[in-house]
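Just so we're on the same page: letters track the sequence lines, and every chain starts at 1.
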Amino acid sequence: MDRRAELEERTRYEAPEVESRIFAAWQQADLFTANPDAPGEPYCIQLPPPNVTGSLHMGHALNGSVQDLLIRWRRMQGRNVLWQPGTDHAGIATQMVVERQLAADGITRHDLGREAFVERVWGWKESTGSTIIEQYKRLGTSMDYSRERFTMDDRYAPAVQQVFVELHERGYIYRDNYLVNWSVPLATAISDLEVEHKDVDDVLYEVAYAVEGGGEIVIATVRPATILADVAIAVHPEDPRYAAMIGKQAIVPMVGRRIPIIADERVEIEFGTGALKITPGHDPVDFEVGRDHGLEALSAIGLDGKMTDLMPEWEGLTAEEGHERAVEHLRQSGELREEIPYRHSVGFCQRSGARIEPLISLQWFCRMDELAKPAIDVVKSKEVRFHPERMEKIYLDWMEAIRPWCVSRQLWWGHRLPVWFAPDGSYVVQVERPEGDGWEQSTDVLDTWFSSALWPYATLGWPDQTPELAKWYPGDVLVTGRDIINLWVARMIMTGIAFAGGIPFTDVYINSTIQAADGRRMSKSLGTGVDPLDLIDQYGADATRYGLLKMCSTQDVRFAEGMIDEGRGLANKLFNATRLVLLNADPDATPTPNGLLSADRWILDRLAATIDEVTGQYEEFQFSAATKTLYSFIWNEFCDWYLEAIKARLYGDDAASKRAASETALLVIERTLGLLHPMCPFVTEELWSFLPQRGGLLAFSAFPTSEDIPRDPAAAATVGAIIEAITGLRRLRQDADLGPKAPLTATLSGDADAVRAEAPLLAALGAIELVDAAADGPAVPLPAGAATLHIQGDGLAGKLRDRLAKRLEEARAEAKKAESKLGNAKFVERAPEEVVAEERERVERFTRDAAELEAQLVALDAG
RNA sequence: GGGCGUAUAGCUCAGCGGUAGAGCGCUCGCCUCACACGCGAGAAGUCCCUGGUUCGAACCCAGGUACGCCCA
């Protein structure tokens with residue numbers, strides 16, 4: 001079947017068939033493969049590596065749509081693009097997935113042992129780790145799949161080791177006993193950023209401690225079991241209630257230990273009783289206070305989440321049981337004075353959901369203040385720009401108060417620390433195992449985010465000076481979600497400056513978070529998730545991309561399936577518009593700005609404006625606005641008006657007119673396909689293949705420019721006026737119960753020459769013929785000039801009486817409104833001249849309309 | 001506790017100083033030779049509340065209310 005016959009047959013755009021075919025064509029043409037030696041200014045986007053455990057969700061789909069739009073657009077502009085894909089090893093998440101598999105067989109990772117377990121995780125990764133990258137392909141993303149990286153693969157790991165060693169050499173990395181966020185079920189420390197805070201209803205217990213030499217002091221705590229580990233009581237130095245007690249000793253309930261009463265400004269006078277028990281082993285503030293006062297840190301709860309031997313008879317109880325025992329004990333002894341309901345914020349482990357146990361343990365930390373400094377400067381100086389701009393506040397607030405980063409994790413899946421322990425407990429930090437016997441590598445692994453912090457340069461081969469690194473570092477835009485600005489973006493900027501010689505990207509585009517339709521978080525566990533692959537099946541990839549880009553703005557949005565459906569409609573519309581033109585155009589026509597008639601000049605003017613507008617919107621990350629610009633140009637201006645206007649010419653006998661319409665329409669289609677391609681790559685590529693005299697793929701073609709398209713504001717204004725007149729005419733037909741195509745005649749009054757020249761347009765779109773006769777009959781005013789159409793028809797005015805009356809009322813009201821504005825001396829005096837002039841024009845126009853309508857009504861009532 | 005954001009048509013959202021907009025839904029009329037996944041027309045809004053700035057406020061400012069998110 002030849003292509004023309006094929007096109008004739010396909011009356012709908014069927015996405016699934018097209019998508020697989022077109023994607024294969026791109027692959028075959030090597031569209032995706034980046035070459036550092038190719039010409040063109042470099043342009044690079046690093047895909048935020050999804051977890052290997054992940055499957056494509058709405059956030060990925062949106063994120064991917066934005067990045068592919070940018071990559072395709074820049075590729076068409078002639079840039080040498082690289083979109084670097086890959087996945088993250090996601091320490092805790094991945095380890096948990098495999099542990100769950102083991103649990104199904106009734107075993108734990110400890111049964112397997114570390115080596116076998118890690119091997120098993122690798123096996124899992126090899127078999128299913130690329131799922132999400134494969135899913136991205138359904139969306140049509142043009143990443144360089146041949147360069148897929150994994151944060152633990154052989155080419156990536158050396159960078160991680162080297163950065164750790166260098167940070168240590170520069171004195172940033174150190175080992176310390178410190179109070180960390182401990183996740184009991186995961187048996188590991190986690191960073192501050194992996195802690196979620198939630199409000200919890202607790203009880204505030206007020207407990208009396210006896211004071212040596214008489215009296216007592218009452219403190220408030222929500223965790224009475226930690227009393228066992230108290231090392232002091234602190235009061236505010238200026239609190240008169242306790243001034244006399246400072247320096248005395250208190251007796252810890254239950255264990256009878258003597259502890260000092262100290263003064264510290266960090267105590268809140270207003271909170272509880274104003275006296276604070278100091279338990280450095282279980283509370284971050286207490287830990288600081290304890291260090292400053294040289295107090296030791298005791299632990300009532302161990303790393304296993306069980307009670308320690310501070311109270312020997314409770315040893316081995318869970319923390320919860322310890323809590324109950326303590327409350328019971330204090331009640332019986334009479335030392336428990338008050339139990340007050342208390343709602344406060346408590347930290348939970350993001351991964352396991354367990355309440356965080358702040359515990360002392362020996363961990364590796366990275367001091368961040370010096371790394372943060374230049375990273376703050378590059379954002380303040382706009383060397384790195386956030387979009388929307390306000391997002392930089394999230395970054396700066398965190399960076400300016402940055403704290404040491406606990407980088408070690410007690411997991412099995414991850415990058416082992418390049419730290420080697422000698423039998424005597426001393427250690428060295430270096431990549432290679434030291435010479436000699438007995439060296440053991442640290443059993444800790446690095447925080448997953450440590451390795452992803454190096455993503456923009458480790459993927460390009462750093463520390464080797466590869467051609468890729470030279471070409472594509474720094475990259476251009478990072479597209480990601482707001483939730484990982486600090487977790488990931490900040491750390492890439494810091495390590496990029498520290499190790500790769502500069503910022504990793506110049507723009508950070510933060511895409512919207514898509515909520516479920518009911519406003520809740522979109523998540524599988526809540527059952528509120530919508531699978532983007534289902535949307536692609538149902539509506540097509542182009543429609544899904546279009547809908548997501550339309551939803552995406554500077555704020556969080558609720559998922560609206562209607563926007564996807566709108567995209568489906570647009571793809572179908574464009575498909576059919578192209579069919580109309582290709583099947584009916586002059587066979588010799590080529591895409592040319594042939595402005596024979598004013599309608600042609602009008603659509604060319606609109607096309608040029610649309611090209612400029614969309615290009616600007618892409619440049620400014622205004623993707624939602626771009627969907628609107630393209631939609632209304634394609635659907636409303638091109639299809640509803642231009643194509644309707646030229647149908648008669650395409651079917652008609654006037655060769656020159658047919659040729660002009662064909663050439664202009666072909667040009668509009670050609671340019672529109674290019675404009676829309678970054679957003680909807682499949683349907684545009686498919687249609688491109690049908691265009692005459694166009695070789696090659698659209699994806700490789702030049703992005704449209706407006707340079708060679710003539711602008712014609714006069715034609716634009718004239719046709720704009722005709723469009724308004726025809727809309728008025730159609731309304732009149734409806735009101736008078738005339739059919740849409742019933743032939744009508746009309747006369748013109750006023751400044752009519754320009755309008756008379758457009759008689760064919762009026763005939764084509766309004767089914768109305770201009771005749772030379774006295775101006776009579778219901779009026780349709782033309783907005784741009786003083787001309788008025790008078791529609792002729794027997795009894796027409798009678799049918800329109802209500803409508804005329806209504807319009808008279810409206811015209812009077814508008815005229816009055818404008819008059820009263822002009823009656824305001826201050827308005828005339830202070831408003832800009834053109835605003836005042838416009839108001840004068842409105843008075844004139846509505847007064848004229850009103851007079852005309854009034855005359856018609858009078859004539860009607862008289863008759 | 002601190003910060004950020006949002007409240008506009010039935011729904012989802014644009015507009016962000018000069019005559020209230022779109023898509024969907026709804027009503028009416030059309031199987032008009034590209035598309036019924038279509039065409040034409042229409043109804044529908046104290047632009048959250050109260051003050052202020054301004055010739056003029058949905059838009060700027062202040063306060064309030066409601067909701068969402070982030071940080072500690």
Side-chain angles (χ1 to χ4, degrees), chain A residues 7-8 10-15 192-193 195-197 268 271 284-285 344-345 347 388 390-391 393-394 397-398 401 403 482-483 485-486 512-513 515 517 519-521 539-540 543 547 550-584 622 624-625 627-629 631-632 635-636 639-640 643-644 647 650-651 665 726-735 737-741 765-767 813-814 817-818 821-832 834-836 838-839 841-842 845-846:
Chain A
L7 200 56
E8 255 171 50
R10 291 165 61 183
T11 59
R12 285 184 188 181
Y13 173 65
E14 303 284 359
D192 294 338
L193 289 171
V195 176
E196 274 177 4
H197 294 267
E268 282 179 61
F271 181 78
V285 176
H344 66 141
S345 177
R390 71 184 138 80
M391 293 300 174
K393 189 169 162 40
I394 295 177
D397 284 354
W398 186 71
R403 308 205 312 171
R482 198 185 36 193
D483 48 337
I485 289 176
N486 297 331
S512 302
T513 303
Q515 300 165 338
R520 288 188 295 171
R521 216 177 170 71
Y539 296 96
K550 172 158 177 151
M551 272 176 242
C552 146
S553 68
T554 59
Q555 59 175 41
D556 291 352
V557 287
R558 294 184 179 199
F559 179 73
E561 199 161 327
M563 292 183 183
I564 312 276
D565 195 41
E566 185 181 311
R568 185 201 47 70
L570 182 63
N572 187 249
K573 191 73 177 172
L574 185 63
F575 187 82
N576 276 291
T578 306
R579 281 182 68 227
L580 167 71
V581 174
L582 292 182
L583 294 175
N584 297 289
Q622 307 272 339
S624 182
T627 64
K628 252 162 266 180
T629 305
Y631 184 96
S632 72
W635 201 302
N636 304 123
C639 292
D640 288 348
L643 291 184
E644 291 304 328
K647 270 181 183 173
L650 291 179
Y651 299 139
I726 288 165
T727 303
L729 183 62
R730 286 172 178 165
R731 194 180 308 141
L732 181 145
R733 284 174 179 276
Q734 184 99 353
D735 288 341
D737 262 339
L738 299 167
K741 289 264 161 139
L765 294 171
E814 289 298 328
K817 207 162 115 187
K821 258 193 173 176
L822 289 167
N824 182 343
K826 281 185 176 170
F827 171 73
V828 179
E829 180 186 329
R830 295 190 197 180
E834 58 272 21
V835 175
V836 177
E838 199 181 317
E839 224 48 50
E841 200 193 312
R842 283 169 63 77
R845 199 170 98 211
F846 288 114

- Message: Could you identify the nucleotide paired to B:G38, looking across every strand shown and requiring Watson-Crick or G-U wobble geometry with both distances under 3.5 Å?
- Response: B:C30

- Can you tell me, in whole Å, how much space there is between the P of B:C31 and that of B:G45? 32 Å

- Query: Under 4.0 Å between a side-chain N/O of A:W398 and OP1 or OP2 of B:G2, yes or no?
  - Reply: no

- Identify, between A:F827 and A:R730, the residue whose nearest nucleotide on RNA chain B lies closer to the 5' end. A:R730

- How many angstroms lie between atom CD of A:Q622 and atom OG1 of A:T627, to the nearest 0.5 angstrom? 11.0 Å

- Selected nucleotide, minimal atom distance to A:Q515 side chain, candidates B:G29, B:G68, B:G3: B:G68

- Item | Of the listed nucleotides B:C4, B:G23, B:C35, the one nearest the side chain of A:R390 | B:C4

- Report the distance from atom CG of A:N584 to atom P of B:C33, rounded to the nearest whole Å. 13 Å

- Task: Please state the P separation for the pair B:C39 and B:C24 - nearest whole angstrom.
- Result: 9 Å

- Between B:A22 and B:A9, how far is it from one C1' atom to the other, in whole Å? 11 Å

- Query: What distance separates A:W398 CH2 from A:K393 NZ, expressed to the nearest 0.5 Å?
  - Reply: 15.5 Å

- Query: Which nucleotide sits closest to the side chain of A:D397: B:G3, B:C35, B:U19?
  - Reply: B:G3

- Query: Contact class for A:K821 vs. all strands (heavy atom < 4.0 Å): base, sugar-phosphate, or nothing?
  - Reply: nothing

- Note on the structure: Whole-Å distance, A:E566 CD to B:G25 P, equals 11 Å

- Query: Is it true that a side-chain atom of A:R482 and a backbone atom of A:S512 form a donor plus acceptor pair closer than 3.5 Å?
  - Reply: no

- Quick one: look up who B:A9 pairs with, Watson-Crick or G-U, both distances under 3.5 Å, and put none if it's unpaired. none

- Query: Between atom CD in A:E561 and atom C1' in B:C13, what is the gap in whole Å?
  - Reply: 16 Å

- Side-chain contact check for A:R482: nearest option of B:C35, B:C69, B:U12 is B:C69

- Item | Between P of B:A41 and CG of A:L765, the distance in whole Å | 11 Å

- Hey, could you give me the NE2/NE2 distance between A:H344 and A:H197, rounded to the nearest 0.5 Å? 12.0 Å

- Message: If I take atom CE in residue A:M551 and atom P in nucleotide B:C13, what distance separates them, rounded to the nearest angstrom?
- Response: 9 Å

- Are A:R558 and B:U12 close enough that a side-chain N or O sits under 4.0 Å from OP1 or OP2? yes

- Task: Look at the side chain of A:W635 and decide which nucleotide, out of B:G68, B:G40, B:G38, has an atom nearest to it.
- Result: B:G38

- Message: Looking only at the side chain of A:T727 (C-beta and beyond, no hydrogens), which of the listed nucleotides B:G18, B:C35, B:A41 gets closest?
- Response: B:A41

- Query: If the C1' atom of B:C16 is compared with that of B:C59, how far apart are they to the nearest Å?
  - Reply: 4 Å

- Task: Using the P atom as the reference point in each nucleotide, state the distance between B:A44 and B:A7 in Å, no decimals.
- Result: 24 Å

- Message: Please report the distance separating the C1' of B:U12 from the corresponding atom of B:C71, rounded so that it comes out in whole Å.
- Response: 30 Å

- Does A:S632 get its side chain close enough to the base of B:A22, under 3.5 Å, for a donor-acceptor pair? no

- Query: Roughly how far apart, to the nearest Å, are B:C60 and B:G68 at atom P?
  - Reply: 24 Å

- Query: Mapping A:K393 and A:F846 to their closest nucleotides on RNA chain B, which lands nearer the 5' end?
  - Reply: A:K393

- Indicate, with a heavy-atom threshold strictly under 4.0 Å, whether A:D640 touches base, sugar-phosphate, or nothing. sugar-phosphate

- Query: Among the nucleotides B:G18, B:G23, B:C35, which one has an atom lying closest to any side-chain atom of A:N572?
  - Reply: B:C35

- Rounded distance in Å - NZ (A:K628) to C1' (B:A14): 4 Å

- Query: For B:U50, which nucleotide is its Watson-Crick or G-U wobble mate, given both distances must be under 3.5 Å?
  - Reply: B:A62

- Message: I want to check something: taking the side chain as every heavy atom from C-beta on, are A:Y13 and A:L570 in contact at a cut-off of under 4.5 Å?
- Response: no

- Item | Distance below 4.0 Å between A:R842 side-chain N/O and B:U19 OP1 or OP2 | no

- side-chain N/O A:K573 vs B:C39 OP1/OP2, d < 4.0 Å: yes

- Message: What is the separation between atom CD on A:Q734 and atom P on B:C39, rounded to the nearest whole Å?
- Response: 16 Å

- Nearest of B:C39, B:U12, B:G23 to any side-chain atom of A:M563? B:U12

- Message: Measuring only the C1' atom in each nucleotide, how far is B:C28 from B:A14? A whole number of Å is fine.
- Response: 28 Å

- Query: What is the distance, rounded to the nearest whole Å, between atom OH of A:Y539 and atom P of B:G23?
  - Reply: 17 Å

- Determine yes or no for a side-chain-to-main-chain donor-acceptor pair under 3.5 angstrom, with A:R10 supplying the side chain and A:R579 the backbone. no

- Message: Measuring only between side-chain heavy atoms, which start at C-beta, is A:F575 closer than 4.5 Å to A:R12?
- Response: no

- Under a 3.5 Å limit on both distances, the Watson-Crick or wobble mate of B:G56 is none

- Query: Would you call A:R842-A:E839 a salt bridge at under 4.0 Å N-O?
  - Reply: yes

- Item | Nearest to side-chain heavy atoms of A:Y631, which nucleotide of B:G68, B:C35, B:G23 | B:G23

- Counterpart base for B:G1, defined by Watson-Crick or G-U wobble contacts under 3.5 Å: B:C71

- Message: Regarding A:V581, tell me which of base, sugar-phosphate or nothing describes its non-hydrogen contacts under 4.0 Å with the strands shown.
- Response: nothing

